[in-house]
Amino acid sequence: MSLSNQSPQTQENNPPPLEKKLNAKAIEAELYAFWEKAQLFAPKQPHTETNNNSESPETFSMVIPPPNVTGVLHMGHALDNTIQDILTRWHRMRGDVTLWMPGMDHAGIATQNVVEKQLKTRNLTKSDLGREKFVEETWQWSRARQADIATQFKRLGISPDWQRQRFTLDEGLSKAVRHAFVTLYNQGLIHQDTYIVNWCPRCTSAISDIETEYQDQDSFLWEIAYPVFNETSGQNTSPEFSYNPETVAGAKTDPLSPLVVATTRPETLLGDVAIAVHPDDSRYKAYIGQKVCVPLSNRPIPVITDPYVDSSFGTGVLKITPAHDPNDFKLAQTHRLDPIWVIDETGCLKKAEQIPQALQGLERFEARKQIEACLKENKQLISKTPHHHRVGQCQRCQTVIEPLLSKQWFVKTKPLAKQCLASLEAGEIRFIPERWTKDYVRWLSKIEDWCISRQLWWGHQIPAWHCKDCQGITVSLEEPETCTHCRSNEIYQDPDVLDTWFSSGLWPFSTMGWPDTTAPDYQRFYPTSVLVTGFDIIFFWVARMTMFAHALTGQSPFETVYIHGLIRDEKGQKMSKSKGNTIDPVELIEDVGCDGFRFSLTSLITYGGQDIKLSKDKVEQGRLFTTKLWNASRFVLMNIAPTEDNPSALPQVDALPINVDRESLSLMDRWILSSYHQTIQQANELLAQFKFGEYADLLLDFTWNNFCDWYVEFAKKQLQIPALQQNTQRILRDVLTGIHQLLHPVMPFVTEAVYQKIPAGPQEKAVSISVSAFPQADTQWIDTTLTQQMAIVLNVVKALRNSRQQYGISYQMPINAMVFTDSDEERQALTAGEDIVAYFVKLDALHIQPSETDVPKNSVIQVVGQCKVVVPLDGVIDVEKERSRLKKKRDDLKKEHTDLNARLNNVGFVERAPAAVVEKNRSRLSELDKQLLALESQLNTLT
RNA sequence: GGGUGCUUAGCUCAGUUUGUAGAGCGUCUCGUUUACACCGAGAGGGUCAGCGGUUCAAGUCCGUUAGCACCCACCA
């Protein structure tokens, strides 16, 4: 197909037919270019509309979760963005002023790691380049990546307003970051402090608590003897140190035996500043107030008590290393103990006086081995037993975290979290599915301060300047000339950068122009309507956004947070590069087409947000459906818009609406219109409720099972009847158009391709289906009585088809059929639908008769509702086969009859169940009576 | 140690107002009726993990047990 001459409206009158086979790849590229060129993704300007006194259009806005520049398009993005695109396209078609803001994240640590790795291949380190050059190099790299990622994302057919694309490190957003930092600092919500943090020795940076992932590991518990220090002699109680395990615990002899400490990290013992026991632990009463010697360095340290110590763990004796353990740090604070640093920022033992020469500079795990060996040699190692425990790892590089006491910047999160909880309480924000609310609340309720400084070069450098003279800090939007405290000009900017999530936390408003609150986008689109993301990012991102938004903009950044599940591999395992079980979305798009892929993904979404196990064959369904839709569209177009290739086709459909005079419409016409409008109604409801999977299923079902299998099939007949032809054409045109519009949010490409070829109906056609009006149900067409009538007709069709099949009666051979019923409703329905039955079952005639009429001998019967559906057979029927078939049917019905009877005889049921339910059961029972009677009498004749 | 989710047809899974179960794939049978064999028609297949409770009525609500998965937590 070709859209080269743009303005597709001008090209029709005689549009070429759709190609026989859909070339998905070709239309995807072509149509995406068309959309972009026509700037269809930009929010329409409400002011340009002529009648400004009509109800003002709603606004719908959403920001994309910015993908990392280091990443490639993966399944998670595919799902996340498909959902967002469905919402965006739906709202756009509804006429809302719709903005979907795209952009990317500079991904501090991840990006720096990648660029450093690249430098390494050139035998360079970042220090070789220096900060400025390194950052410049990283910028170059990230710009190229941004372009690549945008290209990849476009393969998904998504429709964000690319003109507005943002980057967390671009100028506007950097300004927002500085503004946020300064504001929060001035409010006392950001401060610098020396505190124990999670330190990654490989990244040589602090990371936050949630960037630390804990993993179970098999390790050991070492028990180490700390000899008692003799105050008067200034020495060990026993310089040669002979140790007798029997006398260790509970020893009350004088001199005291060494204290035995249990630890999982012997390499930190050189940094011990005290030993703690539980105050009530009778075993160690005699040691309290004494001093013991740190092994290998013989430094005396006090034995103190603290109820924190668990007497039942290990030996009940805890060593305190404040500089390298979070709990020890807290204990040291309460007991006013000064920390001793023994491990440096690269994870090696420091070159410090407290550390024996031989151990200085050793990598921490090597140091562990060496120290163990030394202790063994000194006979201070009492035992080493296997121990299973959790070890923190760096989220980005899996390096074991070293808790490290260091000077860092922190956000005081408790007051911020409080605002979020209040806002939740006030109903200003909701989660779908609701259960995530609990996690959100739990996390915010016990939140700790957030370490936001990173010892990296790639990121927003902290807008704080230190004074060399007075040590004061000046926090400012712009670089100050002098120190605000002492006017010294000996100042330098803090070298650290901010956590990436600091800038992402501002995303919903920084992208809209904040801190300029008069910016048009901020005014029109903030706060946003919905945020769509995965649960793995609720703490990292969602909660940070709500905290910052409340503190800085005074409102919740979005109304609804839609949380979807994770895409897993077919075994249910998380997809990861290291496991090699990832599926490339682009590959699937190549296989089944973007529309097929998106449809499949969407149909797999559940309202409960279950994880999705994906495999190649699961996306097949979408491909098949795309083909079906394509073929059905070809049929319709062939019959409403003849072409040069197809001169024998019907005259082109006129632009008139479907004849509103119902009487001129056939039963089939009215039925499909009723079903169509019902589908429209449901589709809108489902989308409004974020029920994407059901929306996909609904449309598949309507398109395939109602429109294609019944209406289109029957239209083949109606098109041959002059009196019905025009309405049939109009219905085909309008319902097909509607199907494509309803499906456009999920299948943007095929629907556009077909829409461009459909002749205009009563409404003028839009430039693109993506800005055409989403169908709204016209409820006057919805007719439940009609639906019931048609159900009777179709059930009779099915019964007759069954009979044909049972007896292998070829469809080449027309048959006669009889329906026996006393029900007026059924008789009317079948009279009205006789031609339908006749057409679908290849009938000569359908004879409708009262039920007492005798059934001809040698007949096949089926029971449907209150009808006996009978096909008289000329030949001899297989009596045995027929008997057993009927018997089985009879037995099934009997069982149902018995159950139903029992229920209706239950006084409780009749009295307490809603009347409608009771009535329903009654009528089913009477139906069963008739069916059983029919079956019994037939069985009796079969002898 | 807390918490959440899952257990429904051979497989993968839907099923938010309690009214006796659905889809896709697969299986079996039939069919080249010009939109579609990437199709059409028909069939078979489930004591909804176990146990207990509430209710006239439970896949659906409550409790409990088991298995699986995940999240959170400072026991050295």
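Excluded from the calculations below are hydrogen atoms, water molecules and symmetry mates; all remaining heavy atoms, backbone and side chain alike, are included. Within every chain, numbering begins at 1; the chains are lettered A, B, ... in the order of the sequence lines, protein sequences first and strands thereafter.
- Between A:K888 and A:L604, the one whose closest nucleotide on RNA chain B sits nearer the 5' end is A:L604.
- Relative to the six-membered ring of A:F714, A:K716 misses at least one condition, a distance below 6.0 Å or an angle of at most 45° to the axis.
- Proximity of a side-chain donor or acceptor of A:D701 to a complementary backbone N or O of A:D697 within less than 3.5 Å is not detected.
- Among the protein residues, A:W222 comes within range of no part of the nucleic acid, since none of its heavy atoms lies under 4.0 Å from any strand.
- The side chain of A:N802 places no N or O atom within less than 4.0 Å of a non-bridging phosphate oxygen (OP1 or OP2) of B:A41.
- Neither OP1 nor OP2 of B:G42 sits under 4.0 Å from any side-chain N or O of A:K798.
- Using a 4.0 Å heavy-atom criterion, one finds that A:K842 contacts no nucleic acid atom at all.
- Annotation: B:U60 and B:G15 have their P atoms spaced 14 Å apart (nearest Å).
- Once the 5.5 Å centre distance and the 30° plane angle are applied, the aromatic ring of A:Y607 is found stacked with the base of B:U16.
- Using a 4.0 Å heavy-atom cutoff across all strands shown, A:K319 reaches no nucleic acid atom at all.
- The backbone N or O of A:P279 sits nowhere less than 3.5 Å from a side-chain atom of A:T305 that would complete a donor-acceptor pair.
- Put simply, the side chain of A:T321 never gets that close to the backbone of A:D325: no donor and acceptor are under 3.5 Å apart.
- Here A:K330 lies out of heavy-atom contact (under 4.0 Å) with every strand.
- Counting any heavy atom pair closer than 4.0 Å across all strands shown, A:R804 reaches no nucleic acid atom.
- At a non-hydrogen distance threshold of 4.0 Å, A:D899, A:L900, A:R903, A:N906, A:G908, A:F909 from residues 899-911 of chain A come into contact with RNA chain B.
- With P as the reference atom, B:A14 and B:A23 are 16 Å apart, rounded to whole Å.
- If you check every strand for non-hydrogen atoms under 4.0 Å, A:R435 touches sugar and phosphate atoms only.
- Residue contacts shown for A:Q610 are limited to sugar-phosphate atoms, with no base heavy atom under 4.0 Å away.
- In terms of phosphate contacts, A:K613 brings a side-chain nitrogen or oxygen within less than 4.0 Å of OP1 or OP2 of B:C13.
- In terms of position on RNA chain B, the residue among A:Q806 and A:S312 whose nearest nucleotide sits closer to the 5' end is A:Q806.
- Side-chain nitrogen and oxygen atoms of A:W436 include none within less than 4.0 Å of the OP1 or OP2 phosphate oxygen of B:U4.
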What do the steps show when you test A:F431 against A:Y440 for ring pair (Phe, Tyr, Trp, His ring centres under 6.0 Å), and what is the final call? CA-CA 9 Å; A:F431 283 81; A:Y440 177 72; 4.9 Å; yes
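- Counting only distance, with no hydrogens or angles, the side chain of A:S810 and the backbone of A:Q812 share a donor-acceptor pair below 3.5 Å.
- For the P atoms, the distance from B:G10 to B:G5 is 27 Å, rounded to whole Å.
- A:K21 comes within 4.0 angstrom of a nucleotide base, judged by non-hydrogen atoms across all strands.
- Taking atom C1' in both B:U7 and B:G59, one finds a spacing of 12 Å when rounded to whole Å.
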